[in-house]
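Data first, discussion second: the structure below is written as structure tokens.
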Number of protein chains: 2
Amino acid sequence: MLTVLGRNSERIGRDNLSAVLREVHRHGAVSRSGLAERTGLYRQTIRSLVGQLAERGLVDEDGAPTAGARGRPSLVVRPRTDTVRVLALDVEVDSLGAAVVSLGGTVLRSVRVARPRDVAAPAATIDALADAAAAVLRAGPTDGQRVVGIGVAVVGVVRRDDGLVRLAPNLGWTDVPLAALVATRLGLDVPVVVGNEADLGGMAEHLRGAAAGARHVLYVSGEVGIGGGLIVDGRPLDGHRGYAGEIGHLAVNPDGRRCGCGATGCWETEVGEAALVRRAGIADEGAGESAVGRVLEAADAGDARAIQAIADVGRWTGIGLASLVNVLNPEVIVLGGLLARLHPRIAEVVDDQLRRRATTALLEGLTVRPARFGADAPLLGAAELALEPVLADPGSLPVIPLAVATVAPAASRTA
Amino acid sequence: MLTVLGRNSERIGRDNLSAVLREVHRHGAVSRSGLAERTGLYRQTIRSLVGQLAERGLVDEDGAPTAGARGRPSLVVRPRTDTVRVLALDVEVDSLGAAVVSLGGTVLRSVRVARPRDVAAPAATIDALADAAAAVLRAGPTDGQRVVGIGVAVVGVVRRDDGLVRLAPNLGWTDVPLAALVATRLGLDVPVVVGNEADLGGMAEHLRGAAAGARHVLYVSGEVGIGGGLIVDGRPLDGHRGYAGEIGHLAVNPDGRRCGCGATGCWETEVGEAALVRRAGIADEGAGESAVGRVLEAADAGDARAIQAIADVGRWTGIGLASLVNVLNPEVIVLGGLLARLHPRIAEVVDDQLRRRATTALLEGLTVRPARFGADAPLLGAAELALEPVLADPGSLPVIPLAVATVAPAASRTA
């Protein structure tokens, strides 16, 4: 993009305000001088921008003298958790999550409940999701709380424009208008945005989790299906229509088992929950979370078949990861969901497959680690999605009258 | 990146000069008003920038009234082909290419010769490459010609910083300092930059070829090995260390044949020249170009085994492409090299595999087409690599004295 002196100064001001809020949001607490360093802006400019953010109830400042620092202490800027908030929702195959999240990514309240699996129609899931939302919203809204948006993570291929779930084979959904259903059911007058749970999990792990600071990240979310969140050069890899990252449908065994997507030998037929449970001979396929627990227990008790099942899943995990390393040359691979749980048990066999199958140069500087946020990564990513309009244009929020903007007991504030 | 008013005005001027030259270089001829539109700069700024480029012998201008246009005709700006030039080289398994290329991507002279395949040591290849370079440079340099750099494409994993070929299994090379060898052997006092041939082929096809204008591109180069050039959101996907795109080593058949990289069942063991020739039963593996021609001839003559061999390669091509579509969601897939030659014969079976294996939403808006530049795509990409310093900072070139800068017979010019 070109920069033209003397034009678009309004846009530049907006971008600078956004950049400062993003830094504070990401890091939780940053000194003014730290902000100047990170953004490349003059300290005087920072002071003015922080002032604008404070007026809108987005940040607070206080002095925090550093040990050994000379001269005036640099003021520390923090995101306020009592003003802007979002509702985050997460639709997994086995469970539903809901949380209220503030600026700074602070989870104020959250629940996770089982998803009704016997009903294929979306209505039962939407009802259960609304109950979960009510549980986290019940405590509020306090006067000072403003839910400005709803973000939803879902295990499916999502059209971002309108939140249509194009395909979620493991939910049995095709073309389900999830954003519209949630908006209608919850009846809150705020925007609803929907994203793929692996994309959002990857976003959360990249922002503050196991891949913080990395430029090239592969987040692998695995429960029943396997999804991918790809970060390339610090930004999400969306692809032409926003559907990139369907790594569960890498063809790793083309003459293998039938996949929920209709193809054969997709990675998730060898690596997902069903594959683990099937191999261990513990229960029928698709038995989910509790069956996985039983496989792990059996392995711990020395059951040879369970131990072998875990090793096989590890081998196939490594095969798929090696392919993705060869294609993407990531710096960090973050294993989420089921794979995070299995990580201590499969790390060695995964490494072995990577060494056999990934080109040596591409293994240099590569780290494989479990997700920091575990099963909650997609929920946190959904919160980021809902916060995005505020982060992109903080100046669009109204200035709060002085008496309200200052830190005061919640009871004395108005919305 | 942040934009700060009143700072870095020098850099902004440089970026604007670069942006204008890139537009002219890419499109060949652009009107001043077209440049203003494409860059978002004022017409007066464009006039000044074009003047600076003309002073350095980089562009020419002439009037070109458009039919029906009112008022003064907008001057058309063209890249000059008689000043800045680069030497492009290409090291394939079967052949070596050399070309002299000017601004605007115009190939002034080029040759392609067989690579000496019986010798594994790089020395014989470097000698043959130097001969090819001499053949295209022999006609010049004229006084007005300036070779400002050398770009080299090679079928291997390349460290961009110093042009070290980390691994090129199909050449038998490990850690070959190609840039240094070429620099020493050619003795021209200009920078030598080396890139992966698929990355560079993808760059050329994206700039002016079969993927021009697309934002998300997968270029597949296939001869003996299979390489990939990935464009994400208009920019090359390099990955953490610059090695991304090793798509020939997707594990598509993990218990299959041994690959040159040491692993088993890599995509290129099912899709490359050796796989085609082996399946057709025509000759020993690795017999290369002429053996491929014999398979195609046999198929045209109705040989059932040759026909089946092509169909099998097509099926495996489709399997690998479906995986990559699921991961990357490209807009355009460009098939280069062997796959471009096979394209009319395998298009249908490739489409069939894509429909079976790629998620439906990811096929929307997807086009698969053969490379526009065929075997020369990597050579053209190598030229782009060598031109990059000029394109990035045209102002660093010296202003040419007026008598030289005006168009005049070559004999009257000085270098």
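Lettering of chains follows the sequences in order, A, B, ..., and the numbering in each one begins at 1. Computation of the quantities below employed the complete heavy-atom set of this structure, encompassing side-chain atoms and omitting hydrogens, waters and symmetry-equivalent molecules.
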Report the option among [options] that has the most heavy-atom pairs separated by less than 4.5 Å from atoms of chain B.
| options | result |
| --- | --- |
| A/A263, A/A361, A/G365, A/G265 | A/A361 |
| A/P330, A/G320, A/S323 | A/S323 |
| A/L362, A/L366, A/I319, A/L230 | A/L362 |
| A/V332, A/T360, A/V232, A/L328 | A/L328 |
| A/H249, A/H240, A/E246 | A/H240 |
| A/R356, A/R235, A/Q353 | A/R235 |

* To do: Taking only Lys NZ, Arg NE, NH1 and NH2, and the carboxylate oxygens of Asp or Glu, determine whether A/R166 and B/E364 approach each other closer than 4.0 Å.
  => yes
Which atoms of [X] come close to chain B, meaning under 4.5 Å heavy atom to heavy atom: side chain ones, backbone ones, both, or neither?
| X | value |
| --- | --- |
| A/V157 | side chain |
| A/R355 | neither |
| A/W267 | neither |

* Asked: Can any side-chain N or O of A/R279 pair as donor or acceptor with the backbone N or O of A/E270 at less than 3.5 Å?
  -> yes
* Asked: Which one of B/L167, B/T264, B/D238, B/T45 has the most heavy-atom pairs closer than 4.5 Å to chain A?
  -> B/T264
